[in-house]
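Here's the structure, in structure tokens; my notes come after.
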Amino acid sequence: MSKIIGQALVVIAVLALVHAAFSTYEHLSTLKALSRPTGSLPGSIILEALISLGLFIPGIALSSDSLEDVTYRGELAKRSIDDQDAKMAFMIPSKRGKAIFGDQQ
């Protein structure tokens, strides 16, 4: 149930943010038409953008899945010992240099 509420909050927040963006564009177009390009945004547009942010954050938190264990111990529980020790043998090539190339001094 909370997932549906979270998705609804996200949709409402996105629509409110799109409306705030359109209102900003309309306001700036009006200022440009009146030859007054400098001016701040009305408080209602800023408030609408902040409200959409305030709805978006809990909406995403409610609509997301449960968190998984991301610790090293949790990762080791999913793997076998063979997967852990399957490192490349060429991590330190200086140990094998003498066997491959001989003593080149």
Side-chain angles (χ1 to χ4, degrees):
M1 183 68 177
S2 67
K3 193 169 206 165
I4 296 172
I5 293 171
Q7 290 172 348
L9 284 175
V10 167
V11 168
I12 291 169
V14 167
L15 290 175
L17 187 63
V18 167
H19 183 264
F22 178 73
S23 297
T24 302
Y25 174 76
E26 199 172 45
H27 176 72
L28 293 176
S29 295
T30 305
L31 287 179
K32 189 175 181 180
L34 295 175
S35 298
R36 291 186 296 170
T38 57
S40 63
L41 289 175
S44 62
I45 295 175
I46 296 172
L47 183 66
E48 185 177 5
L50 291 175
I51 287 173
S52 71
L53 178 68
L55 290 176
F56 184 77
I57 292 173
I60 286 293
L62 288 174
S63 65
S64 66
D65 293 332
S66 61
L67 298 176
E68 294 182 12
D69 188 19
V70 292
T71 60
Y72 189 66
R73 181 178 299 207
E75 192 64 33
L76 286 178
K78 298 177 190 174
R79 298 176 187 233
S80 68
I81 191 67
D82 296 329
D83 291 337
Q84 291 300 317
D85 288 337
K87 295 179 183 175
M88 298 267 312
F90 295 106
M91 290 282 192
I92 305 173
S94 63
K95 291 183 179 179
R96 289 168 194 81
K98 292 180 183 176
I100 295 172
F101 301 111
D103 239 356
Q104 298 179 358
Q105 290 181 348

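It should be emphasised that the depicted structure is a prediction, and the values quoted were computed from it without experimental measurement.
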Set of side chain to side chain contact (heavy atoms under 4.5 Å, CB included) partners for T71, sequence neighbours left out: D69, R73
Atom [atom1] in [X], atom [atom2] in [Y]: separation rounded to 0.5 Å?
| X | Y | atom1 | atom2 | result |
| --- | --- | --- | --- | --- |
| E26 | I45 | CD | CD1 | 8.5 Å |
| I46 | S40 | CD1 | OG | 6.5 Å |
| I12 | L17 | CD1 | CG | 13.5 Å |

4.5 Å side-chain heavy-atom contact, R36 and T30: no
Residue of the set V14, L9, L15 for which side-chain contact (heavy atoms from CB on, under 4.5 Å) holds with V11: L15
Residues that, via side-chain heavy atoms closer than 4.5 angstrom, fall in one hydrophobic cluster with F22: none
Taking only distance into account, with no hydrogens and no angle test, what donor-acceptor pairs under 3.5 Å do side-chain atoms of residues 47-64 form with protein atoms, sequence neighbours excluded?
| unit_1 | atom_1 | unit_2 | atom_2 | d |
| --- | --- | --- | --- | --- |
| E48 | OE1 | H19 | ND1 | 3.2 |
| E48 | OE2 | H19 | ND1 | 2.7 |
| S52 | OG | A49 | O | 2.7 |
| S63 | OG | G59 | O | 2.9 |
| S63 | OG | I60 | O | 3.4 |
| S64 | OG | A61 | O | 3.2 |

More than 12 heavy atoms of other groups within 6.0 Å of I4 CD1: no
